[in-house]
Visitor: 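First the structure, then my questions, so here it is.
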Amino acid sequence: MYVIIVYDVNVKRVNKVKAYLRKHLLWVQNSVFEGEITKSQLERIKKDLSTICNESEDSVIIYSFRTKKAMKKEVLGIEKSSISEII
């Protein structure tokens, strides 16, 4: 499955969330990650993020698609992290 995760968390937890998601997904831009993962990996990410985040202060939104082909992505302006730049 292909997922896009966006978050708006308290500044005290921003680096923790960012560092954690970098281990699993591609950083797209501030507070946005995306990538291909399995359903079990997604469940693990959700569980781990729930331990990092504070439900009364933070927000994490997860968009999931069966495949990357199932979504349409358009970038207006500069694409900060192009997948084609990965070696």
Visitor: Heavy atoms only: give me the nearest C53-V60 pair and the separation to one decimal.
Guide: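 The answer is SG-CG2, 3.9 Å.
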
Visitor: If every non-hydrogen atom of H24 is compared with every non-hydrogen atom of I37, which pair is closest and at what distance?
Guide: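 Taking H24 first and I37 second, the nearest heavy atoms are O-CG2, 4.0 Å.
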
Visitor: When you check the gap from the basic side-chain N to the acidic O, do E79 and K73 get nearer than 4.0 Å?
Guide: yes

Visitor: Quick one: list whatever passes side-chain hydrogen bond (donor to acceptor under 3.5 Å, both in side chains) with S56, sequence neighbours left out.
Guide: N54

Visitor: So with a 6.0 Å cut-off around OH of Y63, is the heavy-atom count from everything else above 12?
Guide: no

Visitor: Say you draw a straight line from CZ of R44 to OG1 of T38; how long is it, rounded to the nearest 0.5 Å?
Guide: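 One finds 12.0 Å between CZ of R44 and OG1 of T38.
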
Visitor: Can you give me the closest heavy-atom contact between I78 and V75, atom names plus distance?
Guide: O-CG1, 3.9 Å

Visitor: If Ile, Leu, Val, Met, Phe, Trp and Tyr residues are connected whenever their side-chain heavy atoms lie under 4.5 Å apart, and connections chain through other members, are V28 and Y20 in the same group?
Guide: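 Per the 4.5 Å side-chain linkage, V28 and Y20 are not co-clustered.
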
Visitor: If we only count heavy atoms from C-beta on, is the L21 to I45 side-chain gap below 4.5 Å?
Guide: yes

Visitor: Does any part of the side chain of S64, heavy atoms only, come nearer than 4.5 Å to the side chain of V3, both counted from C-beta?
Guide: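 Answer yes - side chains close enough.
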
Visitor: Roughly how far, to the nearest 0.5 Å, is the CG atom of L25 from the OH atom of Y2?
Guide: 8.5 Å

Visitor: Quick check on the hydrophobic clustering: are I4 and I61 connected, directly or via other members, by side-chain heavy-atom contacts under 4.5 Å?
Guide: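 Same cluster: I4 reaches I61 through Ile, Leu, Val, Met, Phe, Trp or Tyr contacts under 4.5 Å.
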
Visitor: Check for me, please, whether I62 and V14 land in the same ILVMFWY cluster - side-chain distances under 4.5 Å, paths through other members count.
Guide: yes

Visitor: Hydrophobic clusters here meaning ILVMFWY residues chained together by side-chain heavy-atom distances under 4.5 Å, can you tell me if I52 and Y7 are in one?
Guide: yes

Visitor: CZ/F33 to CG/L26 distance, rounded to the nearest 0.5 angstrom?
Guide: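 Here the interatomic distance stands at 8.5 Å.
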
Visitor: If we ignore hydrogens and angles and just use 3.5 Å, is the side chain of E36 paired with the main-chain N or O of M1 as donor and acceptor?
Guide: yes

Visitor: Between atom CG of D58 and atom CG of D8, what is the distance when rounded to the nearest 0.5 Å?
Guide: 8.0 Å

